[in-house]
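By convention here, the first residue in the shown sequence is residue 1.
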Amino acid sequence: MRKLRILLVRLLVADLVATLAFFGLTRFVDQTGKITNGAGVVFYSDSASEADARIDKGIALLEAGKVEHLVMVGGHRPQDGIVGSQDMALVAIRRSGYGARITADVSSRDTISGLQTLAEQPGLAGANQLVFISNCMHLLRAKTIYHSVSKGGPKARSACAKASLNPIDIWKRAHYEAAAWLIYALPEDWRNTIIDRLRGDDSLN
C-alpha cells in the first residue's frame, strides 16, 4: 500500500510539473506585437468567459488596425442545434459596430474542420497573414494543425486572448489540450468517429 501511495504521489507531482511546463511554454506563443495587416481567425469556446475574451481580443486587434477582418470558426453543434461561431460573430458585431468586417464559418465544429475551411472564407481572401485568436495553450495546437492542412496558405501568427490564471482552470485546460492532441494523432476515421460522438454528426439530421 505504501508503494502505491508513493507511486500516486510521484504521478501527481509529475502531472503538475508537466502542466506547469506546458503552461509556461505556451506563454511564448503570443505574437500580438508583431501583427500587421492580417485577417483574424477567432476560435469558438464552449466557455462563455473564454469566448468573451477571444471576442474582445479580436475587436482590440480590429480597432488597433492590426487586422482588417474577423472570421469566427467552430462551435457547430448539430445535436444541440446551435452554431457557436455565428453566436460569437453576432456578439462581436453588437459589441464593436463592425458589422461589415465580422463574419462566421457556420460549418466547422472543431479546430481541424475550422482550419480546413479557412480558404473558403471570404473575409480571409487575399490576406497577407492569418491571426489566430484563442487561448495560448490552444494556439500551439491550432498552428501545428494549420501547417499540416494549409498547403501553402498565408503565414499564421498567434494572438493570445486573456485567460484565467486560476490553477484549477489551467490544469483543466492543459488536460483538455492533452486529450485533443491524442485525438488529433489518431487515424482520421477514428478521429471523426470520436468527434461525431462529442460534437454531433450532420448526416444524422
Next item on the list: Mind running side chain to side chain contact (heavy atoms under 4.5 Å, CB included) on T103 and H69 for me, showing each step along the way?
Entry: CA-CA 8 Å; T103 56; H69 198 98; 3.1 Å; yes
With rounding to the nearest 0.5 Å, note down the distance linking [atom1] in [X] to [atom2] in [Y].
| X | Y | atom1 | atom2 | result |
| --- | --- | --- | --- | --- |
| L70 | L61 | CG | CG | 7.5 Å |
| L20 | L25 | CG | CG | 11.0 Å |
| D15 | L11 | CG | CG | 8.5 Å |

Verify, without hydrogens or angle tests, whether [X] (side chain) and [Y] (backbone) share a donor-acceptor contact under 3.5 angstrom.
| X | Y | answer |
| --- | --- | --- |
| Q31 | S158 | yes |
| R197 | T193 | no |
| S85 | D105 | yes |
| R54 | Y44 | yes |
| R101 | E68 | yes |
| R109 | R77 | no |

In one Ile/Leu/Val/Met/Phe/Trp/Tyr side-chain cluster, 4.5 Å: [X], [Y]:
| X | Y | answer |
| --- | --- | --- |
| I55 | V67 | yes |
| V131 | Y98 | yes |
| V91 | V42 | yes |
| V41 | I93 | no |
| V73 | L139 | yes |

Could you tell me whether the side chain of [Y] reaches within less than 4.5 Å of the side chain of [X], counting heavy atoms only?
| X | Y | answer |
| --- | --- | --- |
| L140 | F28 | no |
| Y176 | K172 | no |
| F43 | N135 | no |
| S108 | H76 | no |
| H138 | R173 | yes |
| L62 | I102 | yes |
| V83 | M72 | no |
| K162 | D56 | no |

Which heavy-atom pair separates [X] from [Y] by the least distance, and what is that distance?
| X | Y | result |
| --- | --- | --- |
| I59 | A92 | CD1-O, 3.9 Å |
| F132 | A142 | CE1-O, 4.1 Å |
| R157 | K155 | NH2-NZ, 3.3 Å |
| E177 | M137 | OE1-O, 3.6 Å |
| D30 | A159 | OD1-CA, 3.4 Å |
| R191 | I183 | CD-O, 3.3 Å |

Margin query: Pair Q129, K34 - check side-chain hydrogen bond (donor to acceptor under 3.5 Å, both in side chains), show working.
Written below: CA-CA 11 Å; Q129 61 180 314; K34 300 178 181 179; over 6 Å; no
Note to self: Which residues end up grouped with V9 if you chain together Ile, Leu, Val, Met, Phe, Trp and Tyr wherever their side-chain heavy atoms are less than 4.5 Å apart?
What the structure shows: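 For the cluster that includes V9, the remaining residues are V13, V17.
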Is a donor from one side chain sitting under 3.5 angstrom from an acceptor on the other, for [X] and [Y]?
| X | Y | value |
| --- | --- | --- |
| S45 | S47 | no |
| S113 | D110 | yes |
| K57 | T32 | yes |

Could you check whether atom [atom1] of [X] has more than 12 heavy atoms from other residues, nucleotides or ligands sitting under 6.0 Å from it?
| X | atom1 | result |
| --- | --- | --- |
| W181 | CH2 | yes |
| R10 | CZ | no |
| L12 | CG | yes |

Check: Please walk me through it: do Q116 and I145 pass side chain to side chain contact (heavy atoms under 4.5 Å, CB included)?
Finding: CA-CA 9 Å; Q116 288 173 330; I145 295 172; over 6 Å; no
Checklist line | side chain to side chain contact (heavy atoms under 4.5 Å, CB included) assessment of Y146 paired with L130 | finding: CA-CA 10 Å; Y146 174 72; L130 301 179; 3.6 Å; yes
